[in-house]
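Just so it is clear, the structure is predicted and the values come from calculations on it, not from any experiment.
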Amino acid sequence: MKTTAMRTLRAILVLLAAASAAASRCHSGDKAALLAIKAALGNPYHFASWTAASPCCDWYDVDCDASTGRVVGLAVFQDANLTGAIPDAVAGLAHLRSLRLHHLPGISGPIPPAIARLPNLSFLTISWTAVSGPVPSFLGALARLSQLDLSFNALAGAVPASLAALPSLYSVDLSRNRLTGSLPPLLFSKAPQPAYLRLSHNNLTGGVPAEFAAVAFAQIDLSRNGFTGDASTLFGRAKPVQQMDLSRNDLSFNLSAVELPEQLIVLDVSHNDIYGGVPAQVANLSSLQFFNVSYNRLCGAVPAGGNMARFDAYSYQHNRCLCGAPLANPCK
């Protein structure tokens, strides 16, 4: 028994030593690329730990694969002193899986084509920066991309149709930009799991694609845009959506005719042109925590019982002829 335990311990120590050695090796190409990124940004203090004399896997913001020693992650967060464009040298990190540039208000210019030369990239975040230009169509070349966050920037133009070709993509956040045009109808048509779409605070227009009826959304936020027409295809009792925000658009459909997803936690369809009545099913949605249908053209009695006591008059105000508690006007 002691011999077996010793052998197991020895094997574990060998594996740990190998992982440590791999991390300390620091591939020369990765180190050169990182130092080039540092130089392109003016050698700022943020990268003080990035020195030629130390292994790059020990550097701040850098993550290496434990078995290969290759750089697989670069995450640069919250530094207003970093200025300039995203360096083309990022393309030298051939094994990069995750690139996160967040809350860097001095980073500007367009998203560089160099990012399309990262074949292993699965997670791309460029958020809360001054990056401008389009959401580039070359992002469709990132075949392994699963999560894309380009929120809180100054991006303009359309949502590129090339994103619909990505077989692993299931999460897109393009909120708080200046995007225009309509949505690619096949977006998330290949999503391997429930999808997350956040597009709030843009200038997007057109209808909700009919193809979205087949997408298993877990979250969809289309708020504060200019979408028009029928969005009822997003609803359905068996759909997995938990958070749906369609507020402040010009959508128009019969709310009485839809079945609400049973897992809903948040539903906001306020400030639209929605008609019909409040579905009685709302009272039975045990997980529902936020519900707002105000500023529409709804009529009839507000459902009673169940969880309806959670929602006050604010949820229903400024409709054509809703009545009953918690509203001041009783139903006749």
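Considering only residues two or more places apart in sequence or on other chains, S232 meets the side chain to side chain donor-acceptor pair (under 3.5 Å) condition with D230. Residues satisfying the salt bridge (Lys or Arg N to Asp or Glu O under 4.0 Å) criterion with R97, sequence neighbours excluded, are D65. Here F291 pairs with F311 under the ring pair (Phe, Tyr, Trp, His ring centres under 6.0 Å) rule; sequence neighbours left out. For H46, the side chain to side chain donor-acceptor pair (under 3.5 Å) partners at least two apart in sequence or on another chain are D61, D79. Residues meeting the side chain to side chain contact (heavy atoms under 4.5 Å, CB included) test with R100, sequence neighbours left out: A75, F77, S98, F123, T125. Remark: R178 pairs with no residue by the side chain to side chain donor-acceptor pair (under 3.5 Å) rule, at least two apart or across chains. Under the side chain to side chain donor-acceptor pair (under 3.5 Å) criterion, N225 pairs with no residue, sequence neighbours left out. Listed by chain and residue number, W50 satisfy the ring pair (Phe, Tyr, Trp, His ring centres under 6.0 Å) test with W59 (two or more places apart in sequence, or in another chain).
For residues 29-38, every residue pair satisfying the side chain to side chain donor-acceptor pair (under 3.5 Å) rule, not counting sequence neighbours, is listed here: D30-R70. Contacts classified as ring pair (Phe, Tyr, Trp, His ring centres under 6.0 Å) and involving residues 239-272 (residues at least two apart or in different chains) are given here: F235-F253, H271-Y295. Sorted by first and then second residue, the pairs that involve residues 129-141 and meet side chain to side chain donor-acceptor pair (under 3.5 Å), not counting sequence neighbours, are T129-N153. Residue pairs meeting the ring pair (Phe, Tyr, Trp, His ring centres under 6.0 Å) criterion with at least one member in residues 138-180, sequence neighbours excluded: W128-F152.
For the pair D63/V71, no side-chain contact is recorded, criterion being any heavy-atom separation below 4.5 Å from C-beta on.
Disulfide criterion (SG-SG under 2.5 Å) for C26 and C56: met.
Aromatic ring centres of F217 and F212: separated by under 6.0 Å.
S127 and H102 are linked by a side-chain donor-acceptor pair at a separation below 3.5 angstrom, with hydrogens and angles left out of the test.
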